[in-house]
Amino acid sequence: MKIASWNVNSLKVRMPHLEEWLALAKPDIVALQEIKMETKAFPAEALRALGYEAVASGQKTYNGVALLARTAPTDTVVDIPGFADEQRRVLAATVGDLRIVDLYVVNGQEVGSDKYRYKLDWLAAVADWLRDEIAKHPKLVVLGDFNIAPDDRDVHDPEAWHEQVLCSTPERAALKRMLDLGLHDSFRLKDDTPGQFSWWDYRQAAFRRNLGLRIDLVLVSEALRASVQSAGIDRVPRTWERPSDHAPVWVESG
DNA sequence: ATGGTTGTTGAACAA
């Protein structure tokens, strides 16, 4: 069972890349972020033709998440319980015996900004929700664009990024509160080396110079931890023409 | 140098 996450930064632009990558990587479940389209525009039929059933929660211009699986996802939730939010950033569903939660975490723009405060409030609400989800569904996978680099191994230049957004102590503490529910960063179960990134800025030839951050994560619950065979980051689509700024990340379990 | 690139929408915003 291969489970992946990819921030595609516009599914309209990146649909050819998604199709190519599905054929290459053959994932069983894929969480997408930043589809940047309304739900009604989501290409469900094209994906079905490729062997994937899909659910989406989109909006005009920004955000938007979707979940693809070999069998139809059920029991879909698109709102954080008790947290009013017009932004379409979460999608939870059941696939087989797994509960999947796809997150497009708020970016936060700059430490101390209104958007940063929204990010921390949003993360707290999601953690509260996940506490209930993991109690109901022990086999839980939480994956997506977390917009947080878990620690300095995940940052190309920790000094430059020190206490900057995506790396600040309150953001990392919010992520730790999530992990403390009994979730594990699958990549770090298999690889403790620094310099393994999932996002590179479009500017300054950042990908070519590997000036990136690891901000896309696949978290697995304790019940799934021992089943993780391998985990990784697929840099290949980032080399393609007109790429997303994020690479797909994945875990193989079972 | 508060820069630079990309995407959506149509000059500004978000990342």
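Side chains are part of it too, since the values below use all heavy atoms of this structure and drop only hydrogens, waters and symmetry mates. Per chain, numbering begins at 1; letters A, B, ... match sequence-line order. What you see is a predicted model; the values in this text were computed from it and never measured.
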For this session: Would you indicate what A:R208 reaches in the nucleic acid, counting non-hydrogen atoms under 4.0 angstrom: base, sugar-phosphate, or nothing?
Result: nothing

Exercise. Between B:dA14, B:dG4, B:dT8, which nucleotide has the shortest distance from any of its atoms to the side chain of A:Q204?
Worked result: B:dG4

Exercise. If the C1' atom of B:dA1 is compared with that of B:dG10, how far apart are they to the nearest Å?
Worked result: 29 Å

Problem set entry | Given DNA chain B, 5'-ward residue of the pair A:Q109 and A:Y202, judged by closest heavy atom | A:Y202

For this session: Show your reasoning for whether salt bridge (Lys or Arg N to Asp or Glu O under 4.0 Å) applies to A:R70 and A:E53.
Result: CA-CA 6 Å; A:R70 294 298 192 178; A:E53 299 295 323; over 6 Å; no

Exercise. Contact class for A:Y104 (heavy atom, under 4.0 Å): base, sugar-phosphate, or nothing?
Worked result: sugar-phosphate

Exercise. Which of residues 155-164 of chain A have a heavy atom under 4.0 Å from DNA chain B?
Worked result: none

Problem set entry | Qualifying residues under side chain to side chain donor-acceptor pair (under 3.5 Å), relative to A:D97, sequence neighbours excluded | A:K139

Problem set entry | Near-ring test A:W240/A:H17, centroid separation under 6.0 angstrom | yes

Exercise. Got A:L11 and A:P43 here, is their nearest side-chain heavy-atom distance under 4.5 Å?
Worked result: yes

For this session: Could I get the full list of side chain to side chain donor-acceptor pair (under 3.5 Å) partners for A:D180, not counting sequence neighbours?
Result: A:K176

For this session: Applying salt bridge (Lys or Arg N to Asp or Glu O under 4.0 Å), run through A:R172 and A:D154 and close with a yes or a no.
Result: CA-CA 12 Å; A:R172 287 174 169 173; A:D154 305 310; over 6 Å; no

